[in-house]
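Let me begin by presenting the structure, written as structure tokens, before commenting on it.
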Amino acid sequence: MALSSDEIERYARHLVLQEVGGPGQAKLKAARVLVVGAGGLGAPLIQYLAAAGIGTIGIADDDTVSLSNLQRQVIHGTPDLGRPKVESAAEAVARLNPHVTVEAHPFRLTAENAAGLIARYDLVADGSDNFATRYAVSDACFRAQRPLVTAALGRFDGSLTTIRAHERGPDGSPNPTYRCLFPNPPPPGAVPACAEAGVLGALAGVMGSLMAMEVIRAVTGFGEPLVGRLLMVDARSMRFETLAYACDPENPLNGDRAGAAA
């Protein structure tokens with residue numbers, strides 16, 4: 001996919017990178033990425049995907065902008081209060097990079113509608129804030145054979161991994177699923193919501209930017225993806241650690257109980 005003269009200048013710092021270059025930037029332009037959630041994680045993620053030149057960004061979110069969002073959801077502004085987040089985010093992308101197409105999906109992904117939407121994209125980046133959506137998205141990505149970059153935020157901590165459970169590792173064994181990492185959601189109320197527990201605003205920016213980097217690496221093909229590795233960030237000690245995890249034969253997607261997922 002050819003780049004215009006304006007795009008060549010816009011992406012000049014990518015084009016001089018040997019790991020990206022013209023072929024990599026063309027891949028970014030051709031890519032279709034679905035972002036689930038335009039909140040704390042999705043806001044910086046969408047900005048950096050748009051700046052990088054992802055050709056089509058789908059944004060799925062059923063929420064509207066509130067004043068308490070603006071401490072961390074930097075793609076929205078004070079004039080956007082009360083507007084659908086997909087609408088506000090789409091306008092921000094248009095201001096940042098007119099070469100990017102935004103497809104707005106103003107609804108919450110569920111086990112019933114996730115498959116149809118995800119099948120329309122090459123890769124999914126999940127920044128949702130609830131376990132029901134995370135499981136629905138990860139299961140649908142497995143069935144649609146789509147890579148998934150997924151992250152989560154705590155008060156002062158975050159985590160990030162890439163799921164390619166529809167593929168096999170270098171040794172021929174199945175790659176782990178999201179259910180291998182988190183077999184079951186926590187009991188209701190066990191994990192306090194952001195409004196109750198709080199969250200460090202700048203941490204959302206860090207994790208969303210790391211998600212964007214993982215998406216860009218997946219599209220262009222450079223580096224080693226976080227498949228079978230969970231990156232954990234502790235903002236209090238500024239410590240980054242990586243935990244290795246493997247396919248659980250008990251998982252219901254590609255394990256011995258394959259086909260038993262709800």
Side-chain angles (χ1 to χ4, degrees), residues 32-114 116-118 120-121 124-137 140 149-156 158 160 185 188-189 191-212 215 235:
R32 293 177 53 82
V33 175
L34 175 64
V35 175
V36 182
L41 292 168
L45 167 62
I46 292 166
Q47 286 181 315
Y48 273 104
L49 292 183
I54 294 292
T56 302
I57 301 175
I59 305 174
D61 196 303
D62 67 340
D63 200 8
T64 57
V65 180
S66 65
L67 190 58
S68 63
N69 296 152
L70 303 186
Q71 164 254 14
R72 63 202 176 280
Q73 299 181 20
V74 293
I75 204 167
H76 314 295
T78 303
D80 298 315
L81 295 178
R83 299 180 67 196
K85 289 183 179 178
V86 293
E87 181 182 305
S88 172
E91 288 191 5
V93 169
R95 290 193 300 269
L96 178 61
N97 190 345
H99 301 288
V100 174
T101 298
V102 172
E103 296 177 348
H105 307 288
F107 53 83
R108 181 182 293 265
L109 263 67
T110 66
E112 290 71 35
N113 64 22
L117 183 59
I118 285 170
R120 296 163 53 185
Y121 293 88
V124 178
D126 183 10
S128 59
D129 61 359
N130 66 91
F131 283 97
T133 300
R134 292 175 192 166
Y135 282 97
V137 168
V149 174
T150 180
L153 278 177
R155 296 170 64 240
F156 293 97
L160 169 68
V191 179
C194 174
E196 179 183 348
V199 61
L200 186 65
L203 177 63
V206 171
M207 298 307 303
S209 298
L210 288 172
M211 290 181 75
V215 170

From Ile54 atom CD1 to Ile46 atom CD1, the distance as rounded to the nearest 0.5 Å: 12.5 Å
Taking only residues two or more places apart in sequence or in another chain, which ones pass side-chain contact (heavy atoms from CB on, under 4.5 Å) with Ala92? Ile75, Arg95
Inter-residue atom distance Leu70.CG - His76.NE2, 0.5 Å rounding: 8.0 Å
Minimum heavy-atom distance between Asn97 and Gly53, given as atom pair plus value: ND2-CA, 4.0 Å
Looking at Gly39 and Pro44, what are the two nearest heavy atoms and their distance? O-CD, 4.3 Å
Can you list the residues that meet the salt bridge (Lys or Arg N to Asp or Glu O under 4.0 Å) rule with Arg72, with sequence neighbours excluded? none
Residues in side chain to side chain donor-acceptor pair (under 3.5 Å) with Glu87, at least two apart? Arg83
Only counting residues at least two apart or in another chain, list the ones meeting side-chain contact (heavy atoms from CB on, under 4.5 Å) with Ala104. Val86
Using the side-chain hydrogen bond (donor to acceptor under 3.5 Å, both in side chains) definition, which of the options Lys85, Gln73, Arg108 pairs with Asp63? Lys85
Please report the shortest heavy-atom distance between Ala140 and Ala114, naming the atom on each side. CB-CB, 3.8 Å
More than 12 heavy atoms of other residues, nucleotides or ligands under 6.0 Å from OH of Tyr48: is that the case? no
With Asp61, which residues qualify under side chain to side chain donor-acceptor pair (under 3.5 Å), at least two apart? none
side-chain contact (heavy atoms from CB on, under 4.5 Å) between Leu81 and Leu67, worked out: CA-CA 7 Å; Leu81 295 178; Leu67 190 58; 4.1 Å; yes
Atom CD1 of Ile57 and atom CG of Leu49: how far apart are they, to the nearest 0.5 Å? 5.0 Å
Between the CD atom in Gln71 and the CG atom in Leu200, the distance rounded to the nearest 0.5 Å is 7.5 Å
Contacts of type ring pair (Phe, Tyr, Trp, His ring centres under 6.0 Å), residue Tyr135, not counting sequence neighbours: Tyr178
Please list, chain by chain and in numerical order, all residues satisfying side chain to side chain donor-acceptor pair (under 3.5 Å) with Ser66, sequence neighbours excluded. Ser68, Asn69
Pairwise salt bridge (Lys or Arg N to Asp or Glu O under 4.0 Å) hits with a residue in residues 32-52, at least two apart: Arg32-Glu103
Might you point out which heavy atoms bring Ala125 and Leu45 nearest each other, and give the distance in Å? CB-CD2, 3.7 Å
Below 4.5 Å, heavy atoms only, C-beta onward: do Val36 and Thr150 meet side chain to side chain? no
side-chain contact (heavy atoms from CB on, under 4.5 Å) against Arg155, all qualifying residues, sequence neighbours excluded: Ala197, Arg236
Heavy-atom closest pair, residues Val199 and Gly154: CG2-O, 3.2 Å
Return the set of residues passing side-chain contact (heavy atoms from CB on, under 4.5 Å) with Ala60 (not counting sequence neighbours), or none when no residue passes. Leu34, His105, Leu109, Leu117
Holding to salt bridge (Lys or Arg N to Asp or Glu O under 4.0 Å), I want the full list of residues that pass it with Asp129, two or more places apart in sequence or in another chain. none
Determine the minimum heavy-atom distance between Ala89 and Ile59, stating which atoms define it. CB-CD1, 3.8 Å
For Thr56, check side chain to side chain donor-acceptor pair (under 3.5 Å) against everything at least two apart and list the hits. none
